[in-house]
**Student:** 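Structure below; questions to follow.
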There are 4 protein chains.
Amino acid sequence: MTDRPRPLRADAARNRARVLQVAYETFAAEGAAVPIDEIARRAGVGAGTVYRHFPTKESLFQAIVADRLHQVVERARALAAADPGEGLYAFLFLLAEQGATDLGLTEAFAGTGFDLTEALPEAEREFMGTVAEILAQAQQAGTVRPDVDAADIKTLMVGLQAMHRFRGDSEHMRRVYPLIRAALAVQKAEG
Amino acid sequence: MTDRPRPLRADAARNRARVLQVAYETFAAEGAAVPIDEIARRAGVGAGTVYRHFPTKESLFQAIVADRLHQVVERARALAAADPGEGLYAFLFLLAEQGATDLGLTEAFAGTGFDLTEALPEAEREFMGTVAEILAQAQQAGTVRPDVDAADIKTLMVGLQAMHRFRGDSEHMRRVYPLIRAALAVQKAEG
Amino acid sequence: MTDRPRPLRADAARNRARVLQVAYETFAAEGAAVPIDEIARRAGVGAGTVYRHFPTKESLFQAIVADRLHQVVERARALAAADPGEGLYAFLFLLAEQGATDLGLTEAFAGTGFDLTEALPEAEREFMGTVAEILAQAQQAGTVRPDVDAADIKTLMVGLQAMHRFRGDSEHMRRVYPLIRAALAVQKAEG
Amino acid sequence: MTDRPRPLRADAARNRARVLQVAYETFAAEGAAVPIDEIARRAGVGAGTVYRHFPTKESLFQAIVADRLHQVVERARALAAADPGEGLYAFLFLLAEQGATDLGLTEAFAGTGFDLTEALPEAEREFMGTVAEILAQAQQAGTVRPDVDAADIKTLMVGLQAMHRFRGDSEHMRRVYPLIRAALAVQKAEG
DNA sequence: TATGAATGAGCGTTCATTCAT
DNA sequence: AATGAATGAACGCTCATTCAT
């Protein structure tokens with residue numbers, strides 16, 4: 001796992017971090033179609049520098065997605081630990097909000113021109129594992145119906161991200177969240 | 001809207017229709033990244049002919065979306081007339097399925113690099129009017145909760161299309177539809 | 001074999017011919033490493049035009065080599081028909097001289113970064129067939145020793161091209177030709 | 001020629017020798033197109049170190065050629081001393097075989113994008129002097145015809161290297177060597 | 001009016017060379 | 001003196017759009 005033979009020179013590490021940050025912002029704002037040259041320009045480095053740290057454009061994209069995914073999973077765990085019954089809803093709406101501002105992540109999730117499962121199988125597994133865990137807790141707490149599984153939740157996440165992106169970060173989504181809660185709530189004597 | 005000074009020569013009209021049809025199929029199957037040359041080739045015309053009818057690639061895309069939207073609205077009206085209570089659900093799931101096979105429409109709906117409201121305000125208005133109409137009928141029939149509005153429905157449509165695109169046309173979505181029904185159903189003594 | 005559905009528009013044909021001619025001269029003078037952009041510039045067209053006629057750089061190179069090879073084979077046949085005994089020598093020295101001015105052909109022959117046999121198997125076969133034919137005639141005429149075969153001749157051709165390229169078109173090679181004749185002449189009582 | 005003001009520190013000398021050796025092997029095996037970074041990596045030094053010793057890629061190439069040439073000349077002298085009559089042939093075929101495995105040397109000899117005479121006049125002079133010497137010995141021994149000179153021999157060497165490179169190190173060349181012997185042998189009553 | 005040839009800016013990527021550490 | 005990170009000019013190739021035929 002220690003796949004960094006040496007800890008990278010200080011200036012190189014700074015550049016790498018800068019490229020990563022700029023690339024994250026740029027992909028988030030404009031999607032994966034942004035040229036590498038543009039990212040290099042915004043980061044104030046030459047294109048070659050980007051390629052030194054990330055051998056292909058796709059690898060840069062992957063690095064960003066993996067990073068975001070990891071952060072999101074960590075936050076999800078914290079939320080679920082704080083309140084198991086609400087954990088799944090908090091997770092769901094957290095990811096939805098990410099989707100509003102992070103086009104790159106949305107594309108990765110939805111598989112639009114980038115296959116998360118194939119490109120980052122480990123990250124995908126970690127993510128799905130966390131979903132399953134948090135879902136089980138919520139089902140035990142009685143806040144989520146027992147007949148949905150982790151795949152269903154991922155599907156809903158993709159949908160929610162799309163909705164959020166469509167509507168922006170506005171108050172509109174606050175109208176939609178209760179609908180999603182109703183969708184997942186334990187059903188009382190289904191009519 | 002009548003921005004065609006003359007009603008087009010017969011062969012020109014045929015060409016236009018043919019390009020539109022081929023472009024729809026091609027964009028739907030392979031996304032908006034397909035070159036215009038490829039569409040021209042499949043339509044059996046020169047690239048210049050495509051550009052005569054549609055001055056930019058984007059305008060061709062818009063024309064397709066307008067066309068599809070119109071058809072979808074017509075079908076929605078027919079479904080709602082046949083069964084007012086089920087009409088909204090039928091409409092919703094019809095559009096979702098379109099999203100599974102029609103990348104162009106999905107992108108237009110989600111506003112990914114294409115603002116429907118701005119580009120085709122009339123089509124958008126017609127669409128939203130129909131949604132409002134069918135929604136009102138369902139609410140009167142008691143199959144949809146009264147506190148959702150047409151904008152909410154459009155938001156859900158965008159989400160459903162994204163889910164469908166993500167999962168394909170598979171049986172998986174049949175698991176999700178009941179959740180959406182639960183989301184929209186009249187709530188019985190909400191806890 | 002009629003793989004040109006239509007005979008090409010006049011201006012396109014002119015451009016194609018111009019690109020071919022310029023590319024021939026440029027590859028001949030500077031080898032296959034010349035950028036396509038440079039060829040386009042010299043031909044007075046855009047890079048896209050080159051790519052319209054030849055889908056890859058390699059295909060352009062191949063087209064030129066095939067053309068040259070064909071011409072050379074035709075001239076070889078004529079020479080051999082005029083004087084069967086001298087035909088092989090004439091052919092050999094003709095190709096050697098080509099090598100002096102045509103780096104592209106030399107590279108193709110020598111297999112330097114371009115595998116003639118693999119890329120143009122038909123041209124290669126035609127070439128080798130002609131060599132075998134002319135060689136057999138010379139052997140029957142008693143001007144070439146019977147224990148050499150077509151492959152040996154090709155090897156000598158590669159060598160002669162290299163020599164010619166090395167020495168230029170100078171009179172120096174006129175000193176070398178008699179050595180090659182001695183190499184191939186029927187041996188008198190080998191010492 | 002003593003253009004080294006100081007005799008280099010021990011570690012620097014070691015680095016220089018190591019780069020030279022690795023670069024030779026690498027160029028020989030994979031041609032001059034290998035990036036300098038790759039050579040540096042294989043030599044276990046930084047790219048900057050290569051550039052400290054050899055200010056351009058071409059100068060590194062030249063140093064290698066000079067080195068090889070020197071070695072070849074030494075071996076040639078030994079061979080000729082052992083058997084003056086056979087010396088020239090041994091030299092010729094030795095160099096030819098080098099050409100089969102050493103792309104760099106071949107290119108240097110053939111003058112393909114690298115003019116030996118201009119770049120390394122001293123090495124060239126030493127080489128040609130040795131050729132002349134060994135040739136004279138063979139001519140005195142009666143194994144080589146008297147009307148060829150050192151320049152002719154160099155021309156043949158270039159040709160033989162090209163042939164060897166073309167055919168690889170295979171048995172095929174064993175068919176060609178006798179032809180070269182016949183080319184150079186003293187002629188018996190030429191018809 | 002239709003054709004499809006031509007344009008040329010742009011993209012992802014490489015690599016000889018320079019320079020801060 | 002050594003390192004290896006950074007640079008930036010190419011390169012092969014694509015494609016939306018224009019324009020001569």
**Student:** Which atom pair, heavy atoms only, marks the closest approach of C:G104 to C:F61?
**Tutor:** O-CZ, 3.6 Å
**Student:** Using a cut-off of strictly less than 4.0 Å, decide whether B:T49 has a side-chain nitrogen or oxygen near OP1 or OP2 of E:dT3.
**Tutor:** yes
**Student:** Using OP1 and OP2 only, check whether a side-chain N or O of B:N15 sits under 4.0 Å from E:dA2.
**Tutor:** yes
**Student:** Side-chain atoms of residues 44-52 of chain B: list all donor-acceptor pairs with protein atoms under 3.5 Å, sequence neighbours left out, distances to 0.1 Å.
**Tutor:**
none

**Student:** side-chain contact (heavy atoms from CB on, under 4.5 Å) with D:A23: which residues, sequence neighbours excluded?
**Tutor:** D:F27, D:I39, D:L60, D:I64
**Student:** Let me know the distance between CZ of D:F27 and C1' of E:dA16, rounded to the nearest Å.
**Tutor:** 11 Å
**Student:** Separation of C:R52 atom CZ from E:dA5 atom P, in whole Å?
**Tutor:** 4 Å
**Student:** If you pin B:A32 and A:V50 to their nearest nucleotides in DNA chain F, which one's is more 5'?
**Tutor:** A:V50
**Student:** How close do C:A110 and D:F166 get, heavy atom to heavy atom, and via which atoms?
**Tutor:** O-CD1, 3.6 Å
**Student:** Calculate the interatomic distance between D:I39 atom CD1 and F:dT3 atom P; express it in whole Å.
**Tutor:** 15 Å
**Student:** A:R18 CZ to F:dA6 P: how many Å, rounded?
**Tutor:** 13 Å
**Student:** Not counting sequence neighbours, which residues clear side chain to side chain donor-acceptor pair (under 3.5 Å) with B:R41? List them please.
**Tutor:** B:E38
**Student:** Check every atom of E:dA16, F:dA2, F:dA6 against the side chain of D:A12 and return the nucleotide holding the closest atom.
**Tutor:** F:dA2
**Student:** Provide a list of protein-nucleic acid N or O atom pairs under 3.5 angstrom, restricted to nucleotides 17-21 of chain F.
**Tutor:**
unit_1, atom_1, unit_2, atom_2, d
F:dT17, OP2, B:Y51, OH, 3.3
F:dT17, OP2, B:K57, N, 3.1

**Student:** Between A:E38 (CD) and F:dG8 (P), how many Å, whole number?
**Tutor:** 16 Å
**Student:** Mind calculating the distance between CZ (C:R41) and C1' (F:dA10) to the nearest angstrom?
**Tutor:** 14 Å
**Student:** C:D37: what forms a side chain to side chain donor-acceptor pair (under 3.5 Å) with it, not counting sequence neighbours?
**Tutor:** none
**Student:** Check side chain to side chain donor-acceptor pair (under 3.5 Å) between D:Q98 and all other residues, then give those that pass, not counting sequence neighbours.
**Tutor:** none
**Student:** Considering residues at least two apart in sequence or located in another chain, which fulfil the salt bridge (Lys or Arg N to Asp or Glu O under 4.0 Å) criterion with A:E25?
**Tutor:** none
**Student:** Not counting sequence neighbours, which residues clear side chain to side chain donor-acceptor pair (under 3.5 Å) with A:Q62? List them please.
**Tutor:** none
**Student:** Report the stems of DNA chain E as range-with-range entries sorted by first number; a stem here is at least three consecutive pairs, Watson-Crick or G-U wobble, both distances under 3.5 Å, and write none if there are none.
**Tutor:** E:2-21 with F:2-21
**Student:** Does the side chain of B:H53 get closer than 4.0 angstrom to OP1 or OP2 of E:dT1 through an N or O atom?
**Tutor:** no
